[in-house]
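These notes concern the structure reproduced below.
These numbers come from the heavy atoms of this one structure, side chains and all, not from hydrogens, waters or symmetry mates. Every chain is numbered from 1 and lettered A, B, ... according to where its sequence line falls, protein lines coming before strand lines.
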Amino acid sequence: NFQYMEEKNIKMALNDNKAGMEGLDRDKINKIIMESSKGSKFYENEVKREQQVNQRIDKMMLQKEQITEQHLKKAQAQVARMVVELEKRRDLTRVIVHVDMDAFYAAVEMRDCPELKDKPMAVGSMSMLSTSNYHARKYGVRAAMPGFIAKKLCPNLVIVPTNFDKYRAVSSEIREIFADYDPNFMPMSLDEAYLDFTEHLEKRQSWPDSLRTHHYRASSNPKGIAPNMMLAKVCSDKNKPNGQYRLPSTREAVMEFVCNLPVRKVSGIGKVSEKLLNALGISSCSHLGQKMALLSLLFSETAWHHFLQVSLGLGSAFIPRHEERKSMSTERTFKEMSAAEEQLSLCRELCEDLANDLKKEGLKGKTVTLKLKNVNFEVKTRALTLSYPVATADEIFAVAKDLLKTERDNESPQPLRLRLMGNQIKQFN
DNA sequence: ATACATACC
DNA sequence: GACTGGTATGTAT
C-alpha cells in the first residue's frame, strides 16, 4: 500500500492538466500547497479518500492475478468482434466544433476593469476560486483552489468576487452567435458549447471569422474541430490560449491523434480512472487499445465500452438534443453548526430556495434528498421517494426535516457537527 | 430505491 | 481563518 502514498500522489498536489501551466516551478508550488493544507480536516479527508482509491487498485490487481491466458484470449476475440462493429459505424462526415471561452470569468472582469489585465487575478473568494488569468497561472494559481492558498503562491494576487449575472449576460450574447452557426448547439456551461458545423460549411464554404473577432473581445475562444464530440473537446484544449485546432476527418489522422493522447485528457476520464488505468500500465490512449482485453475483464461493461471507443477515436458524431432536466438542488457551506434548531431553520430556508427554483420551471418531483457534510468533510445523503410529486417549501421540508431528525437521532448523544447542508429533488413527471 | 463515488464546469 | 455549488451518471447493495 505504501507505494501509492508518496506526497506527490496525494490529491492536494498541483493539478497541471490545464492550459497555461507549463514550465513553472512545480516543486516549489507543490511545497507551498502542501504546507497550507497539511493537518487540516480537508487534507485528512483527502488522504482517507486517496486510501480508498488505493484499496480499489489493490483489489483490481488481485483480480488481475486470477486472469488466465484462456480468459484473455476469449476476451480478445470479443473485443476484436466489437472493434469490427464499431469500425463499420465510424462516421467521419460530420464537423463538430467545441468552443470554450478561455478563463471566461477572469476575461469578463478584465474587460470591465482593464487595470487587471497586467496583474495576476482570480475570480472567487478566499475560500474558493473559480478561475484565474494567465498571469496568475504562472504562479500556480488555478480554478478550484482556495483563495488563501493562492495568496500564498502569489501575494499580489487580486481576487475579484464572482459576478454571475454579468457572466450570464455575456454568455447569452455569445450563445446568439453560436445559434447563427448551429441553432441546435449544445451549451455545456456559461462559457462552453458544442456546435455541429456541417450544415453551415455546406452552405458557406468558409470558416467564420466572427467567432474570433466578434465585438466581445475580452475573451479569446479556442476551438476544437473534429469529426466527433469526444475529439473536438480534446482539440479545443490543444492550442490554448488563443488558437484553434482542426483534426482532419480521416481515419489515419484520428488514429494518430489518439495514439499519443494521455487518457486524462479525455472527458469522462478523471483523476480516479486515470490512477486505476496507470496501475495497469496505461497512460495513453494507444495503451488503452493494447490492453482492451484485460480492461474488459476488470471493468464494468459501460466502462470498457467507453474505453474502447476512446481508443478508436470514436465519439458522438451528432449533437444530441437538449435533455430534460433530471434533478434540481441547492446546497450551502457554512461555519460549524451543531444546534438542532439552527439546523432545522437552515433546512427550512434551503427548502424555500429549492421550491422557488422549482416554481420557475414549473416542476414537481417525487424524491427528496438531504445532503449533509460534517466538519470532517464526510458527506452523507438521505433520500425518500413519495408516491406523489411535491413542489412547495412546506412539502419538501416535511420530508427533509424527518430525514434530518433521523440522522440526528442516529448520532445522538453526539450532535451533528455540520459544515454543509443541501436539498435535492428528482423524479419529475 | 438508496447511498456513495466520480466527473464535469 | 478560510477547500464551492449544480447536474449527471456510474457502481454497489
Side-chain angles (χ1 to χ4, degrees), chain A residues 11-12 15 17-18 33 36-46 48-50 52-53 55-56 59 98 100-105 123-131 142-152 159 161-162 164 167 171 187-193 233 237 264 266-276 299-306 320 322-336 350 353-354 357 366-373 375-387 403 407 419-428:
Chain A
K11 221 177 164 181
M12 306 303 313
N15 178 350
N17 181 41
K18 204 52 184 177
I33 295 177
S36 322
S37 304
K38 222 163 192 167
S40 67
K41 298 284 192 190
F42 177 80
Y43 179 81
E44 295 307 318
N45 188 252
E46 289 302 302
K48 203 179 100 190
R49 289 171 44 127
E50 199 73 25
Q52 283 170 12
V53 172
Q55 280 177 15
R56 234 175 111 181
K59 225 172 98 187
H98 179 261
D100 175 358
M101 300 297 149
D102 206 42
F104 182 56
Y105 299 172
V123 177
S125 70
M126 283 301 253
S127 302
M128 188 48 60
L129 302 180
S130 48
T131 188
R142 45 153 291 121
M145 176 181 277
F148 72 92
I149 293 179
K151 276 281 197 184
K152 287 184 184 161
I159 298 180
T162 316
F164 270 109
Y167 314 143
S171 179
M188 298 304 288
S189 64
L190 289 183
D191 77 317
E192 200 185 311
K233 173 88 168 99
D237 194 54
R264 185 65 176 84
V266 177
S267 179
I269 301 184
K271 223 178 146 73
V272 173
S273 304
E274 180 191 30
K275 201 168 172 181
L276 291 171
F299 286 81
S300 72
E301 192 172 72
T302 5
W304 77 262
H305 282 185
H306 180 236
H322 188 67
E323 296 277 313
E324 301 282 281
R325 151 197 298 287
K326 296 190 173 71
S327 73
M328 191 180 268
S329 63
T330 327
E331 67 186 52
R332 212 162 297 155
T333 296
F334 38 77
K335 276 205 294 241
E336 173 168 355
L350 287 164
D353 292 350
L354 185 55
D357 292 345
K366 286 199 285 232
T367 305
V368 175
T369 305
L370 177 75
K371 176 174 170 180
L372 303 172
K373 192 193 281 181
V375 291
N376 296 319
F377 289 84
E378 293 159 341
V379 177
K380 265 184 196 162
T381 59
R382 294 290 176 261
L384 184 73
T385 301
L386 304 161
S387 54
L403 295 170
E407 270 322 288
R419 78 178 328 273
L420 171 146
M421 190 186 294
N423 283 163
Q424 183 204 49
I425 193 145
K426 55 187 176 192
Q427 294 256 69
F428 301 126

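With contacts defined as side-chain heavy-atom distances shorter than 4.5 Å, the pair Asp191(A)/Asp100(A) qualifies. Taking 4.5 Å as the limit, every side-chain heavy atom of Arg142(A) sits out of range of all side-chain heavy atoms of Leu129(A). Using a 4.5 Å heavy-atom cutoff, the side chains of Gln424(A) and Thr367(A) are not in contact.
Met126(A) comes within contact range of at least one nucleobase, with a heavy-atom separation under 4.0 Å. Within the nucleic acid shown, Ser130(A) has no heavy atom closer than 4.0 Å to any nucleic acid atom. No engagement by Ser125(A) is indicated, since no non-hydrogen atom pair under 4.0 Å with the nucleic acid exists. Ser273(A) comes within contact range of the sugar-phosphate backbone alone, with a heavy-atom separation under 4.0 Å but no base atom that close. Residue-level contact check: Ile269(A) touches the backbone only, with heavy atoms under 4.0 Å from sugar-phosphate atoms and none from bases. Note on Lys371(A): nothing from the nucleic acid sits closer than 4.0 angstrom, heavy atoms only. Among the atoms of the strands shown, only primed sugar atoms or phosphate atoms (P, OP1, OP2) are found under 4.0 Å from some heavy atom of Gln52(A). Across all strands, Glu44(A) comes closer than 4.0 Å to no nucleic acid atom at all (heavy-atom distances).
Applying a 4.0 Å cut-off to non-hydrogen atoms, the residues of residues 377-384 of chain A that approach DNA chain B are Lys380(A), Thr381(A), Arg382(A), Ala383(A), Leu384(A), listed by residue number.
You won't find any donor-acceptor pair under 3.5 Å spanning the side chain of Thr333(A) and the base of dC3(C), going by distance alone.
One finds a side-chain N or O of Arg325(A) lying less than 4.0 angstrom from the OP1 or OP2 phosphate oxygen of dT7(C). Using a 4.0 Å cut-off, no side-chain N or O of Lys59(A) falls inside it from OP1 or OP2 of dA12(C). Using a 4.0 Å cut-off, no side-chain N or O of Ser327(A) falls inside it from OP1 or OP2 of dT7(C). An OP1 or OP2 oxygen of dT9(C) is reached within less than 4.0 angstrom by a side-chain nitrogen or oxygen of Lys326(A).
We find that Lys48(A) and Glu378(A) are joined by a salt bridge, their nearest charged nitrogen and carboxylate oxygen being less than 4.0 Å apart.
Positionally, the nearest nucleotide of DNA chain C for Glu323(A) lies more toward the 5' end than for the other of Glu323(A) and Ala303(A).
Across Ala193(A) and Pro187(A), no two heavy atoms sit closer than the pair CB-CA, 4.0 Å.
Tyr167(A) and Tyr105(A) have parallel rings, their planes meeting at less than 30° on a 0 to 90° scale where 60° marks the start of perpendicular.
Here the P atom of nucleotide dG5(C) and the CG atom of Asp357(A) are 14 Å apart, to the nearest Å. Atom pair His305(A):NE2 and dT9(C):C1' shows a separation of 17 Å (rounding to whole Å applied).
Not a single donor-acceptor pair under 3.5 Å links the side chain of Ser130(A) to the backbone N or O of Gly124(A).
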